Peer 1: 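Below you'll find the structure I mean.
In this text the structure is predicted, and so the values were computed from the model without any measurement. The first residue of the sequence shown is numbered 1, and numbering continues consecutively from there.
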Amino acid sequence: MKKLSVLLFCLVVFYGAKAADFEVTQYGAVGDGLTLNSKAIQKAIDACHQSGGGRVMIPAGKFLSGTIALKDNVTLYLQKNAILLGSIDLKDYQNLDPFTEGLGIDVGWALLVAVDAKNIGIEGEGTIDGQGSAIKAKHILTDNRPEGERWGLRPFLVRIVRCTGVSVRGVSLKYAGAWTSHYFQSRQILIENVKINSIGVAHNDGIGIDGCQQVRIKDCDVISGDDALVFKTTSRLMACKDIEVSGLRLKSNQAGIKIGTESIADFENIKITNCHIYDTKNGGIKLLTVDGAHIKNVTITDITMDEVRTPMLFRLGSRLNVFRKKTETKKTTGTFENVTIRNVKAKAADNAQLTPPSGILITGVPGHDITNLTLENIEISLAGGGTVEDARKVVPEAIDQYPEVKTFGPKIPAYGIWARHVKGLKLINVKFNLANNDVRPALLCEDGKALTVSNWNLPATTTAEAIIRLENVLGANISKVSVKGEAQALVRIEGANSKGIKVANNHAPSIKKQVEFAANAQQNY
């Protein structure tokens with residue numbers, strides 16, 4: 001990470017240097033919101049580039065445009081009250097680097113794009129407005145296909161492809177036709193003090209980092225119709241690596257923080273800290289690898305969540321999609337290891353994808369465990385309401401399915417943490433609060449190895465079969481669990497493969513039986 005900080009410092013110094021300014025109005029641009037300015041703005045960019053670089057200035061006004069492309073050493077600078085306004089005619093957009101996204105749709109058209117460029121920037125106090133809803137309204141008048149098939153023709157707002165030295169600072173990004181900002185196979189990226197409000201059509205991801213390295217994202221405010229902050233790898237050629245994120249506020253109709261919607265190349269050395277996630281409709285933190293990627297050395301700390309549907313999902317799966325089918329082939333199942341989530345306080349939404357809500361879902365697939373995941377200092381408040389029948393719900397494996405919370409719902413047989421196909425899972429200093437009684441276990445682990453549970457504080461519940469249920473768990477240490485309520489057992493052990501389980505130094509005065517064995521379980525621990 002030290003190397004990353006040095007590179008980003010150099011990037012900031014470069015953009016602070018004195019350079020020539022090129023006013024777009026001097027090249028024929030008109031800020032009346034009606035004149036199409038694509039050619040005029042492109043002329044200003046080309047002239048700036050040919051002169052050796054500088055800033056292309058967009059003054060106050062509404063400058064309507066289709067696709068414009070940044071070039072080496074050019075910063076597009078939007079002055080206060082300047083608006084770069086996206087055309088609502090699809091014919092005004094170009095796709096300079098086509099690809100297929102995770103749902104199989106061809107995409108890549110964009111309003112502001114840079115391909116194979118160096119030392120570029122998008123800065124200032126102005127706004128880039130894609131008019132996404134207006135684009136869609138006009139589009140569907142002539143395109144009768146289902147929305148899931150036609151949306152890919154609509155343009156991204158900002159698209160950065162294979163660039164080095166990228167600064168995006170201060171600007172507001174609004175109402176994209178598709179993804180709001182997409183950074184692909186690029187290096188040395190600084191995204192700072194950016195405000196995103198991109199809602200109104202489907203697939204309005206806020207900040208999308210796709211196979212990029214040496215990235216710093218800080219102090220941004222994102223309201224998005226799709227994932228707010230998302231890391232993907234749609235090509236196997238470049239991993240998401242050496243990334244630092246801090247000080248973000250994230251609101252989303254999908255996930256707050258997400259890794260792995262598309263996950264064919266690796267995700268490693270990623271640090272996310274001091275973020276607030278609120279009013280999200282499909283997950284707070286979601287870490288996924290389903291197309292062959294290796295997730296490793298990821299740390300997420302000091303996160304607060306408010307009114308978030310299903311605070312966390314961790315998934316290792318075997319969908320094994322390919323997104324550039326002409327040049328790449330399928331990979332084998334990846335790995336998920338050495339991830340730490342620490343210091344998280346969440347208020348889960350009562351109305352969730354899961355009924356009743358659950359806090360954390362963790363699942364690999366048979367033969368492929370999520371390994372060495374640590375959750376520490378976690379507090380989650382939940383609605384409760386789980387029944388005896390809910391506690392015995394069988395969750396589908398969904399080995400090759402799209403990785404979403406609803407894939408495993410609508411019922412999860414634990415209110416706190418449900419974990420399956422895990423190894424070396426550490427759950428330390430965990431607290432749950434319930435608004436209503438819930439007879440599901442606080443923790444259910446299925447097919448686990450080397451499980452650690454320590455320093456838990458659990459609410460008063462009644463009539464539960466068990467507070468913790470372990471099914472085919474090989475090696476576990478359950479200690480310092482404090483339970484206020486009643487249950488038939490603190491820990492219930494099931495499955496012929498369960499053994500090596502230690503239960504000691506817990507505080508559950510209203511629970512008479514510390515350990516209960518099912519008929520199919522070995523009575524030794």
Side-chain angles (χ1 to χ4, degrees), residues 312 314 338-344 358-360 362 369-380 382 386 391-392 413-434 437-525:
M312 299 186 221
F314 306 98
N338 299 334
V339 171
T340 298
I341 314 294
R342 182 181 294 118
N343 302 338
V344 175
S358 294
I360 301 172
I362 307 167
D369 294 335
I370 290 179
T371 303
N372 295 338
L373 171 64
T374 298
L375 304 180
E376 184 175 4
N377 300 338
I378 310 294
E379 180 177 351
I380 300 177
L382 294 150
R392 285 293 171 176
Y415 73 77
I417 299 175
W418 169 74
R420 182 174 64 188
H421 309 310
V422 294
K423 180 180 180 181
L425 176 63
K426 295 180 176 62
L427 307 171
I428 302 168
N429 195 20
V430 175
K431 180 179 181 181
F432 293 108
N433 306 305
L434 292 172
N437 190 51
D438 200 313
V439 301
R440 296 174 296 171
L443 167 65
L444 169 57
C445 183
E446 308 173 44
D447 183 26
K449 307 174 189 69
L451 171 68
T452 299
V453 176
S454 179
N455 287 293
W456 279 42
N457 189 335
L458 299 177
T461 56
T462 60
T463 69
E465 183 180 34
I467 302 300
I468 295 172
R469 192 163 85 236
L470 306 179
E471 299 181 8
N472 293 309
V473 171
L474 179 59
N477 192 333
I478 314 294
S479 66
K480 298 181 182 179
V481 175
S482 177
V483 184
K484 298 180 179 69
E486 302 175 353
Q488 294 179 33
L490 174 63
V491 178
R492 179 176 170 84
I493 300 173
E494 302 180 358
N497 294 324
S498 289
K499 63 180 180 179
I501 297 169
K502 298 180 180 179
V503 181
N505 300 319
N506 300 293
H507 182 70
S510 298
I511 299 175
K512 295 182 179 180
K513 187 175 291 187
Q514 292 294 295
V515 180
E516 180 179 70
F517 292 91
N520 63 351
Q522 300 182 41
Q523 295 198 23
N524 60 79
Y525 64 98

Peer 1: Which atom pair, heavy atoms only, marks the closest approach of C445 to V422?
Peer 2: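 That would be SG-CG2, 3.9 Å.
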
Peer 1: Heavy atoms only: give me the nearest S510-G485 pair and the separation to one decimal.
Peer 2: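 In terms of heavy atoms, the two residues are closest at CB-O, 3.5 Å.
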
Peer 1: Which pair of non-hydrogen atoms, one from P459 and one from Y415, has the smallest distance, and what is that distance?
Peer 2: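 That closest heavy-atom pairing would be CD-OH, 3.5 Å.
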
Peer 1: Taking all non-hydrogen atoms of both residues, which atom of A442 and which atom of F432 are closest, and how far apart?
Peer 2: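 Looks like O-CE1, 4.4 Å.
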
Peer 1: Contact between I341 and F314 at the side-chain level, heavy atoms closer than 4.5 Å - yes or no?
Peer 2: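 Yes. Closest side-chain heavy atoms under 4.5 Å.
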
Peer 1: Under the 3.5 angstrom rule, does the side chain of T461 hit a backbone N or O of V439 as a donor-acceptor pair?
Peer 2: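 A pair under 3.5 Å: no.
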
Peer 1: Check whether N455 reaches the backbone of N429 with its side chain - one donor and one acceptor, N or O, closer than 3.5 Å.
Peer 2: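 The answer is no, because no donor-acceptor pair under 3.5 Å joins these two groups.
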
Peer 1: Could you tell me whether the side chain of N520 reaches within less than 4.5 Å of the side chain of E494, counting heavy atoms only?
Peer 2: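 Sidechains of N520 and E494: in contact.
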
Peer 1: Starting at CG of D447, measure out to CG of D369 and round the result to the nearest 0.5 Å.
Peer 2: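 Between D447 CG and D369 CG, I get 6.0 Å after rounding to 0.5 Å.
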
Peer 1: Any chance you could measure Q488, atom CD, to E516, atom CD, to the nearest 0.5 Å?
Peer 2: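 Output value for this atom pair is 6.0 Å.
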
Peer 1: For a quick test of reading the model, state the closest non-hydrogen atom pair linking P441 to P413 and the distance between them.
Peer 2: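 Minimum heavy-atom contact is CD-O, 3.2 Å.
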
Peer 1: Should L427 and L451 count as side-chain neighbours, where that means a heavy-atom distance under 4.5 Å?
Peer 2: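 L427 reaches L451 side chain to side chain.
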
Peer 1: Going from OG on S358 to CE on M312, what distance comes out if it is rounded to the nearest 0.5 angstrom?
Peer 2: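 Reported value, rounded in 0.5 Å steps: 13.0 Å.
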
Peer 1: Of all the heavy-atom pairs spanning A508 and L490, show the shortest one and how long it is.
Peer 2: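 Of all heavy-atom pairs spanning A508 and L490, the closest is CB-CD1, 4.4 Å.
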
Peer 1: Calculate, to the nearest 0.5 Å, the distance between atoms CD and CG belonging to Q514 and N506 respectively.
Peer 2: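 Those atoms lie 6.0 Å apart.
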
Peer 1: Heavy atoms, side chains only, cut-off 4.5 Å: are V481 and V491 in contact?
Peer 2: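 Sidechains of V491 and V481: no contact.
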
Peer 1: Rounded at 0.5 Å granularity, tell me how far CG in L458 sits from CD1 in I467.
Peer 2: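 Rounded to the nearest 0.5 Å, the CG-CD1 separation comes out at 6.5 Å.
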
Peer 1: Determine whether a donor-acceptor pair (N or O, by modelled atom type, separation under 3.5 Å) exists between the side chain of R469 and the backbone of A391.
Peer 2: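 Yes; at least one donor-acceptor contact below 3.5 Å.
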
Peer 1: Can you find a heavy atom in the side chain of L474 that is under 4.5 Å from one in the side chain of K499?
Peer 2: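 A side-chain contact exists here, since the closest heavy-atom pair is under 4.5 Å.
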
Peer 1: Is any side-chain heavy atom of V515 less than 4.5 Å from a side-chain heavy atom of I478?
Peer 2: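 In short, these two side chains do not touch, never coming nearer than 4.5 Å.
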
Peer 1: First locate atom CG of L375, then atom CG of N377, and finally report the distance between them rounded to the nearest 0.5 Å.
Peer 2: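 Output value for this atom pair is 10.5 Å.
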
Peer 1: State which residue, out of K484, H507, K431, fulfils the side chain to side chain donor-acceptor pair (under 3.5 Å) condition with N457.
Peer 2: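 Checked K484, H507, K431 against N457; only one passes side chain to side chain donor-acceptor pair (under 3.5 Å): K484.
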
Peer 1: For I417, run the side chain to side chain contact (heavy atoms under 4.5 Å, CB included) check against V453, I468, L444, L443 and tell me which one passes.
Peer 2: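 By the side chain to side chain contact (heavy atoms under 4.5 Å, CB included) criterion, I417 pairs with just one of V453, I468, L444, L443: L443.
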
